[in-house]
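One structure is given here, and the rest of the page talks about it.
Treat the numbers as computed from the prediction; the structure is a model and nothing was measured.
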Amino acid sequence: MDWYLIAKWLHILSSTVLFGTGMGTAFQMVWAMHLHARTGRVETVHSVASGVVMADWLFTTPAGVFQPLSGLWLIHLAGYSLLEPWLIATYALYILAFCAWAPVVHLQLRIRDLAGDAAAQQKPLPEQALRYYRIWFALGWPAFIALTGVFWLMIAKPDLGF
């Protein structure tokens, strides 16, 4: 049994889940807020935000935890030093992505709860939910860019010269 190929396969699968779920849930949240802006239907925001929160707990979180573990497994099996410059850059970008994603989870929960309360009371979406959404949207970009950089580093393994 080739453990390196198994580790690589699992690492690629989990990165696909992490990145794909992130892109999918981001699209869904943006689309829900766009529809809300056009229709005023707070129920749409509540329903979609509930699904986004669930997807993050079921898919993004486990894949996000598994990624560094499978990465360390690959580093070990391939015989790389943990201090390779391209790996250090990868760690930094992954930490940046996590630091952007962690508050996003909290914001999604708050948006979901505010939308649920507004829907139950038949009131419009509160301004606080819209503020949370703008912060959520802004935090998504550093996470997206960082993970895109991680993908590049994993493929290119460049000599960064430090």
How far does [atom1] of [X] sit from [atom2] of [Y], to the nearest 0.5 angstrom?
X: Tyr4; Y: His11; atom1: OH; atom2: NE2; result: 9.5 Å
X: Gln67; Y: Ile12; atom1: CD; atom2: CD1; result: 9.5 Å
X: Leu147; Y: Leu18; atom1: CG; atom2: CG; result: 5.5 Å

query: So, do Leu87 and Ile75 sit near enough that their side-chain heavy atoms are less than 4.5 Å apart?
result: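 SC-SC contact between Leu87 and Ile75 confirmed.
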
query: Is the shortest heavy-atom distance from the side chain of Trp152 to the side chain of Met154 under 4.5 Å?
result: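 No; the side chains remain at least 4.5 Å from each other.
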
query: Tyr91: what forms a ring pair (Phe, Tyr, Trp, His ring centres under 6.0 Å) with it, not counting sequence neighbours?
result: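 For Tyr91, no residue satisfies ring pair (Phe, Tyr, Trp, His ring centres under 6.0 Å) once neighbours in sequence are set aside.
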
[X]: side chain to side chain contact (heavy atoms under 4.5 Å, CB included) partners, not counting sequence neighbours:
X: Val53; result: Trp57, Gln108, Leu109, Arg112
X: Phe59; result: Val17, Thr21, Ala55
X: Ile135; result: Leu107, Leu139
X: Leu10; result: Ile6, Phe66, Trp73

Shortest non-hydrogen contact from [X] to [Y]?
X: Leu58; Y: Pro62; result: O-CG, 3.4 Å
X: Ile111; Y: Ala49; result: CG2-CB, 4.4 Å
X: Leu130; Y: Leu125; result: CD2-CD2, 3.8 Å
X: Ala7; Y: Leu77; result: CB-CD1, 3.8 Å

- prompt: Any chance the rings of Trp86 and Tyr80 have centres within less than 6.0 Å?
  reply: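 Trp86 vs Tyr80: aromatic centres under 6.0 Å.
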
- prompt: Trp9, Leu74: one ILVMFWY side-chain cluster at the under-4.5 Å cut-off?
  reply: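 Yes; tracing contacts between hydrophobic side chains, which count when under 4.5 Å, links both residues.
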
query: Does Ile155 share a hydrophobic cluster with Val150, counting links as ILVMFWY side-chain heavy atoms below 4.5 Å and allowing steps through other members?
result: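 In one cluster: no.
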
message: Counting only heavy atoms not in Lys157 (residues, nucleotides, ligands), do more than 12 fall under 6.0 Å from its NZ?
response: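 Yes, because the 6.0 Å sphere around NZ of Lys157 holds more than 12 heavy atoms from other groups.
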
Can you give me every donor-acceptor pair (side chain of residues 26-46, partner residue at least two apart or in another chain, under 3.5 Å) with its distance?
unit_1, atom_1, unit_2, atom_2, d
Thr39, OG1, Leu35, O, 2.8
Thr39, OG1, Arg41, N, 3.2

query: With Arg131, which residues qualify under salt bridge (charged side-chain N to carboxylate O under 4.0 Å, His left out), at least two apart?
result: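 Listed in chain order: nothing, the list is empty.
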
message: Can you list everything that forms a side chain to side chain donor-acceptor pair (under 3.5 Å) with Gln122? Sequence neighbours excluded, please.
response: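 Testing Gln122 for side chain to side chain donor-acceptor pair (under 3.5 Å), a comparison that skips the adjacent residues, returns none.
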
Name each donor-acceptor pair under 3.5 Å that joins a side chain in residues 93-106 to protein atoms two or more places apart or in another chain, with its distance.
unit_1, atom_1, unit_2, atom_2, d
Tyr94, OH, Gly64, O, 2.6

- request: Not counting sequence neighbours, list each pair that qualifies as a ring pair (Phe, Tyr, Trp, His ring centres under 6.0 Å) and has a residue in residues 110-133.
  value: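 Passing the test, one end in residues 110-133: Tyr133-Trp136.
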
query: So which pairs with a foot in residues 19-30 pass salt bridge (Lys or Arg N to Asp or Glu O under 4.0 Å), sequence neighbours left out?
result: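 Listed by first then second residue: nothing to list.
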
- prompt: Linking Ile, Leu, Val, Met, Phe, Trp and Tyr through side-chain heavy atoms less than 4.5 Å apart, which residues share a cluster with Leu69?
  reply: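 Members besides Leu69, by chain and number: Val65.
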
